[in-house]
Amino acid sequence: MAKELLKGNEAFAEAAIRAGCEGFYGYPITPSTEFLEYMAKRMPQLGRAFVQAESEVAAVNMVYGAACTGKRTMTASSSPGISLMMEGISYIAGTEVPAVIVNVIRGGPGLGNIAPSQGDYYQMVKGGGHGDYFPIVLAPASVQETVDCIILAFDLADKYRSIVHVIVDGNLGQMMEPAELPPMRELPKEPPEWAVTGAKGREPNFLSSIYIDPADEEVTNIRLVKRWMEIEKNEVRYNELMMEDAEFAVIGFGTAGRVASSAVRAAREEGIKVGLFRPISLAPFPKKEVEEISKRVQRILVVEMNSGMMLDDIVPLVEGRVPVEFYGRMGGMTPFPDEILDEIRRVSENKAPVNGNARAEWIARLEKIVEEGK
Amino acid sequence: MTAPAKPEVKVVFQRPESFTDLTTHYCPGCTHGVAHRLIAEVIDEMGLREKTIGVAPVGCSVFAYKYFNMDFVEAPHGRAPAMATGIKRVLPQNTVFTYQGDGDLASIGMAEIMHAAARGENITVIFINNAIYGMTGGQMAPTTLPGMTTTSSPFGRDVELTGFPIRMSEMLATMDGTGYIVRRSLHDVKNIRKAKKALFMAFETQERGLGFSMVELLSSCPTNWKIDPSKSLEFIAERMVPVFPLDDFKVNPELTKKRA
Amino acid sequence: MPVKGWIEVDDMHCKGCALCVSACPQDVIALNMDRLTPKGYHPAHLIDEGCTGCAVCAIICPDAAITVFREVPVHSKKAPESA
């Protein structure tokens, strides 16, 4: 199939359909609504389930129900909606059923705004729901990569009976970009053996996250941790740009990583030996790779559209081998390539850090930038 | 040769096939057990067991799944109708029912039940109304009677401060998406028989695709009402029925016709 | 002659709630105060002749603990065919 000009959210929805999604349950919220609108049209055409739920709470529990039947199912929402879904997400994780959840992240906290942000990093990557569980989190940076990640998300969800979050932002959701959609997958003929489908000719199946005896719950927790270690071993994904000979590394994911790639190319033209490392799987995080990078570059610049949440994951991996610096925009602001280029230039001067606290130094710089911009 | 005139023995009553052998965790005299058994009997008699998926709630009946010999899932508190929706929409040929208490259905799950009914989800809801939160130890429920003492209305439910009991069946019957909404009681044999008939009608509603069906069952909670099991049944008849009248609130006329 | 019936109460399920005792139209069920079930309840049992197998006790029983039997009167039986 040839590349065509596709609109983010709609392409993502079509990708989900082609991956075999048989049930979509959602609630309108900007900037993810086109996803739901597209599903409202396409799913009934294919004889598949679409429900506009009364709330995100209901939507995620519909996903939970459908997931228990072994059918591929998903929802798409945006930050405040994802907060409401956290109850169901925890239950889905505890029940060990597969589900895909797309979060088109917007500025926050609270009602915030509808502009692109990465402020949900902690909520997504660290779990967000109650209890001991590990979600898989994929953070693509283009329409094509998101299409691919959504297909992958369904495969990983099934393989590990896990929650898979695909996090994007309004930039990607609204973007028109040439991309290629995969062919339509055939739907499976038989449900998985654990699914509830009616106990015909077999013992009844029961799916729940309740383990009233703490000893049983612990056995479940052990299973979840071991599964997660398996995921950490097999499912790390990332993208590198001009990292082979890099003396300086920029690390950024999603839109921030994408903007940084322009800045890195511009810096290369100025002769700065800088490369970009862009994690695609935020969970599992490419820990080994970041460790390796910190052994061969002189300095690392982390770029995000939040207050340095991934930074907090990177600093311990670097173990003080090289200085780690940070640049971020927040509240729905997207950094310009020039801003990041300035940061790359500054980092490449390789001056001693002022006090070694990347966040404190950044917030002082950012305050000035915001002040000057007024 | 003629058989000897030995009387034949007939089993008049035994545990339904859709019931597992487990002893329930319910307190002695709690009518949850009666409701469970009626559902199991109806599912057996209608031959639905092998295609039924039950949705258990949070509350005393959180372990309902253990007692039914059929596929089951366990929903978050109040979300059973949403989960049932998710299941039914991808498996429309299966029979899907939820079993919910008054806290689950009429308080935390109010939005989910109302909208499942409004959408006309082709599912069956069994609503156990015992006017109290049993599992957490006897707190005031949305269906607690005015003046009734609970651990969170220790001086009796003061309607000035805490409002009035909610009549779910009456409210749900106003929804066009519903096919069958009735209230029955489990306080004596006559009413239990009527309740069973209603459950049959509710599942029939689903089998015929006539929309959302619900049977509200007035049920006892001897432990948290702090009265013995027999007196608890009297409490239902004397105190609950006047507030929650036993009636048919919505019956799709198709149901009274013979199946084609 | 009245119909003869009897009940069997499953010790595993009976919780001694006594709803069958008060519901029995023949007044022939009581809790057995001389026995405890494995779960520590005094189980229901028949105390007298007169059970008709009407199943009222089983219908009110919240624990499906009661199996009800009834003798089918001989006169109502069709003559069995010869073997």
Side-chain angles (χ1 to χ4, degrees), chain A residues 21-25 27 43-44 47-73 75 86-92 94-95 97 99 129-130 187 191 194-212, chain B residues 17-20 25 43 47-58 62-96 98 108-121 123 135:
Chain A
C21 176
E22 290 188 69
F24 180 93
Y25 309 88
Y27 186 82
M43 293 293 269
R48 302 185 190 179
F50 167 86
V51 180
Q52 178 174 330
E54 59 271 30
S55 68
E56 284 90 349
V57 176
V60 76
N61 281 291
M62 291 174 190
V63 169
Y64 183 19
C68 288
T69 70
K71 305 264 190 193
R72 288 192 161 184
T73 180
T75 187
M86 277 301 163
E87 175 193 60
I89 288 171
S90 171
Y91 277 72
I92 290 169
T95 308
V97 285
H130 59 280
L187 299 178
W194 49 261
V196 295
T197 53
K200 188 170 183 175
R202 60 160 167 78
E203 286 299 300
N205 282 337
F206 164 60
L207 291 168
S208 154
S209 61
I210 192 170
Y211 295 95
I212 206 74
Chain B
E17 188 201 346
S18 286
F19 241 18
T20 64
H25 68 288
I43 286 173
L48 301 175
R49 192 186 72 82
E50 291 186 335
K51 66 167 195 151
T52 296
I53 299 167
V55 185
V58 169
V62 68
F63 298 118
Y65 60 85
K66 291 187 181 183
Y67 312 129
F68 291 97
N69 186 22
M70 58 190 71
D71 277 9
F72 242 92
V73 297
E74 212 296 305
H77 200 16
R79 320 292 177 226
M83 247 187 125
T85 299
I87 295 168
K88 185 73 179 184
R89 292 291 184 113
V90 292
L91 296 176
Q93 301 309 316
N94 286 64
T95 306
V96 181
T98 75
I108 194 167
M110 180 62 99
E112 284 75 13
I113 194 71
M114 296 305 282
H115 284 273
R119 286 192 302 268
E121 292 298 340
I123 58 171
M135 165 76 70

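Chain letters run A, B, ... following the sequence lines, proteins first, then strands; residues in each count from 1.
What you find for A:N61 and B:P76 is that their closest heavy atoms are OD1-CG, 3.0 Å. B:N69 and A:P204 make their closest contact through OD1-CG, 3.2 Å (heavy atoms, listed as atom of the first residue, atom of the second, distance).
Heavy-atom pairs under 4.5 Å with chain B peak, among A:E22, A:E54, A:K200, at A:E54. When each of A:G201, A:A199, A:A58 is scored by its heavy-atom pairs under 4.5 Å with chain B, the top score falls to A:A199. In terms of heavy-atom pairs under 4.5 angstrom with chain A, the leader among B:V55, B:V96, B:I53 is B:I53. Contact count against chain B (heavy-atom pairs under 4.5 Å) is highest for A:K71 among A:K71, A:E203, A:R48. With chain A as partner, the option from B:P81, B:A111, B:G78, B:G109 having the largest number of non-hydrogen pairs under 4.5 angstrom is B:A111. Considering only heavy-atom pairs separated by less than 4.5 Å from chain A, the leading option among B:M114, B:R49, B:K51, B:H115 is B:H115. In terms of heavy-atom pairs under 4.5 Å with chain A, the best-connected choice from B:Q93, B:K88, B:M70 is B:M70.
Using cut-offs of 30° and 60° on the angle between ring planes, the pair B:F68 and B:F19 is perpendicular.
The pair B:R79-B:E112 counts as a salt bridge, with a side-chain nitrogen and a carboxylate oxygen less than 4.0 angstrom apart.
Each of A:L207, A:T95, A:T69 was compared with B:V73 under the side chain to side chain contact (heavy atoms under 4.5 Å, CB included) criterion, and only A:L207 meets it.
Only the side chain of A:Y91 comes within contact range of chain B, judged by heavy atoms closer than 4.5 Å. Only the side chain of A:Y25 comes within contact range of chain B, judged by heavy atoms closer than 4.5 Å. Only the side chain of A:R202 comes within contact range of chain B, with at least one heavy atom under 4.5 Å from a heavy atom of that chain. If you measure heavy-atom distances from B:N94 to chain A, the contacts under 4.5 Å come from the side chain alone. Neither the backbone nor the side chain of A:A67 comes within contact range of chain B, judged by heavy atoms closer than 4.5 Å.
Here the two rings, on B:Y67 and B:F63, have centers that are 6.0 Å apart or farther.
The distance from atom OG of A:S209 to atom OH of A:Y64, rounded to the nearest 0.5 Å, is 4.5 Å.
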Applying side chain to side chain contact (heavy atoms under 4.5 Å, CB included), run through A:I89 and A:V60 and close with a yes or a no. CA-CA 7 Å; A:I89 288 171; A:V60 76; 4.1 Å; yes

